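Below, chains carry the letters A, B, ... as their sequence lines are ordered, and counting in each starts from 1. Worth knowing before you read on, the calculation uses all heavy atoms, side chains too, and leaves out hydrogens, waters and symmetry mates. Quick caveat, the model's predicted, so the values are computed rather than measured.
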Amino acid sequence: MRYSEMFLPTTREIPSDAETVSHQLMLRAGMIRKLTSGIYSYLPLGYRVIKKVERIVREEMNRAGAEEVFLPAVQPSELWKESGRWDFYGKELLRLKDRHNREYCFGPTHEEVMTDLVRNEIQTYRQLPKNLYQIQTKFRDEIRPRFGIMRCREFGMKDAYSYDVDEESAIVSYQKMFEAYKRIFSRCGLRFRPVEADSGNIGGSYSHEFMVYADSGEDAMMFCTSCDYAANLEKAEISEPEKAPVDESVFLPLEEVHTPDVRTIEEVSGFLGVTPQCIVKTLIFTADERPVAVLIRGDEEINEAKLRNFLGCDNLELAMDDIIKEVTDSPRGFAGPIGIKCEIIADYSLINMNNFVIGANKEDHHIINCNIGRDFSVANFSDLRMITEKDRCPRCGSPISFARGIEVGHVFKLGTKYSKAMNATYLDRDGKDKLMVMGCYGIGIGRTSAACIEQNNDKDGIVWPMPIAPFHVIITPVNVKDEDILKTSDEIYRSLEAEGIEVVLDDRDERAGVKFIDADLIGIPLRITVGKKNLVDGNVEVRFRRSGEVEIVPVEEVRDYVVAKVREGLGETD
RNA sequence: CGGGGCGUAGCGCAGCCUGGUAGCGCGCAUGCUUUGGGAGCAUGAUGUCGCAGGUUCAAAUCCUGCCGCCCCGACCA
């Protein structure tokens, strides 16, 4: 393409409301523009990148045996009521009404529609397994969209759904997707890692998130420094500590202490002169309307995902003051396990604690020298807290470390949740109806592009990996008013296009500096500079965006040289 | 939804406190010069000051309501 004819509005100034590097650069490089909160237009340069990511996704999905379909974005409420998600999905679901006042939603995901399609068309085990995918625009009415297209409301997503005859076969489908995802993100030039993830409300089954390393990432993950265990922080397991024999002789007598207006762990710790490790926090949660007291050591944090899974509830929130009053007979800040009027569960961190401090269930009072067994009993112990640097790998016991990342893909074993709710069955060999076993697999297309920029940029702009770069090469004639320069540039341009190279000819009547800066900003991997300096000797300059290295190449050889470099960058080394 | 901030030219902002001709930088247009890392000079165009009310002789400025956007928090297959 000729730059002068392209719609490519680059900007010098950094938009004030763009926080992350990728958001700033996508705006400055003329890739995207915001229409309204969380909703973006893709300009030609941005859309070229999107299409390249999509293409890689298609190639790898097809290679893994999946078939592409295209489903409706607007979906009838009936289907969602059938699966139970019309009520459950909440405000993120954008609901619409048509002229007849019938209810619809704009699809945030397509389990219902796909499963409806499959249940109507598939009758027998002979037609299974099936893996169907689509790439299309979805809408989730996010509470707070941010970071440009990283977390937006309207976004492009690849979603695949697998249908299998049984668990065993479903695992094969899952693994195929897992492998396909590794190939996809590798081809996109990303540094990433699959991590075990919380399976959320679906429960029982398992899932992996594909996380792209980025300090600006919204998700935290931990990984073992020696084995290959890696997990989302919500999921990261903590082993049950070994229980030391109980020696009741060390138990000190219970004592109630007056602690006026002392509520938080810090306040209690300061007031009583004990470390937070000697205090037990009692948190009252409401789990699907039912109050539950959760005990945890003072210096640890509750992991609500673990708690939710343990309790098997849909809704979990810290209890309101009136509930606290009801179960503890005291205001917030003085809850304790002794005499509390609800079920008590405890984190493993309590297992070997003796003579600890608790709330007294009485305003302005705490109790010291409390001991489990003697003073109260616990219904269940479980792993309910957030993992920390002090913890060890739950698999091998080695030290662990932490990183932040961007979730670009998620593979999920669904089991029969949707097939059951929607009666998606097939006839097995014995002529019996059986539920299909499902999996679902998502990739955020725009987010993948943005994550790529987070990882590939420098002070001058984006540094695209060749496979998803909007163009492979940009030719920069230093002065378009110079006949020789322009003619040579044009010849190189045509020769590269003839080779199938995606090339921009920057034929604008701009100063060289302007063109260099724009070329760097939009991040084209190779730049061919045509200027008097080298042309008098019959040479042009080839510059590599990533390294900044420069090669002087004779005009007659530049085509072959650049073609080889582009193919190398695309991974087509032959 | 709670807390905070912002809305003035295409973009970034000043002006508002203390009411009286709407400004600056970048960008844009034209011309001359310049031409290997965001050129110089000259000339020029561009505003319902987010919207609606109110106060006032007079409102970008003060008051009220609404809308939009951003940030923090809560929330999130």
Crowding at NZ, A:K91 (>12 non-hydrogen neighbours, <6.0 Å)
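For A:K91, atom NZ is not crowded (no more than 12 foreign heavy atoms under 6.0 Å).
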
[X] vs [N]: side-chain N/O to OP1/OP2 distance below 4.0 Å:
X	N	result
A:R144	B:C72	yes
A:R511	B:A39	yes
A:K481	B:U34	no
A:R12	B:G27	yes
A:S37	B:G68	no

Hey, are A:E237 and A:K306 close enough for a salt bridge, meaning a charged N less than 4.0 Å from a carboxylate O?
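No, this pair does not count.
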
Donor-acceptor pair under 3.5 Å: do we get one between [X]'s side chain and the base of [N]?
X	N	value
A:R28	B:G38	yes
A:R146	B:C72	no
A:R508	B:G38	no
A:E13	B:G38	no
A:E541	B:G36	yes

Would you kindly say whether A:D159 and A:Q134 are connected by a side-chain donor-acceptor distance under 3.5 Å?
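A:D159 vs A:Q134: donor-acceptor pair found between side chains.
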
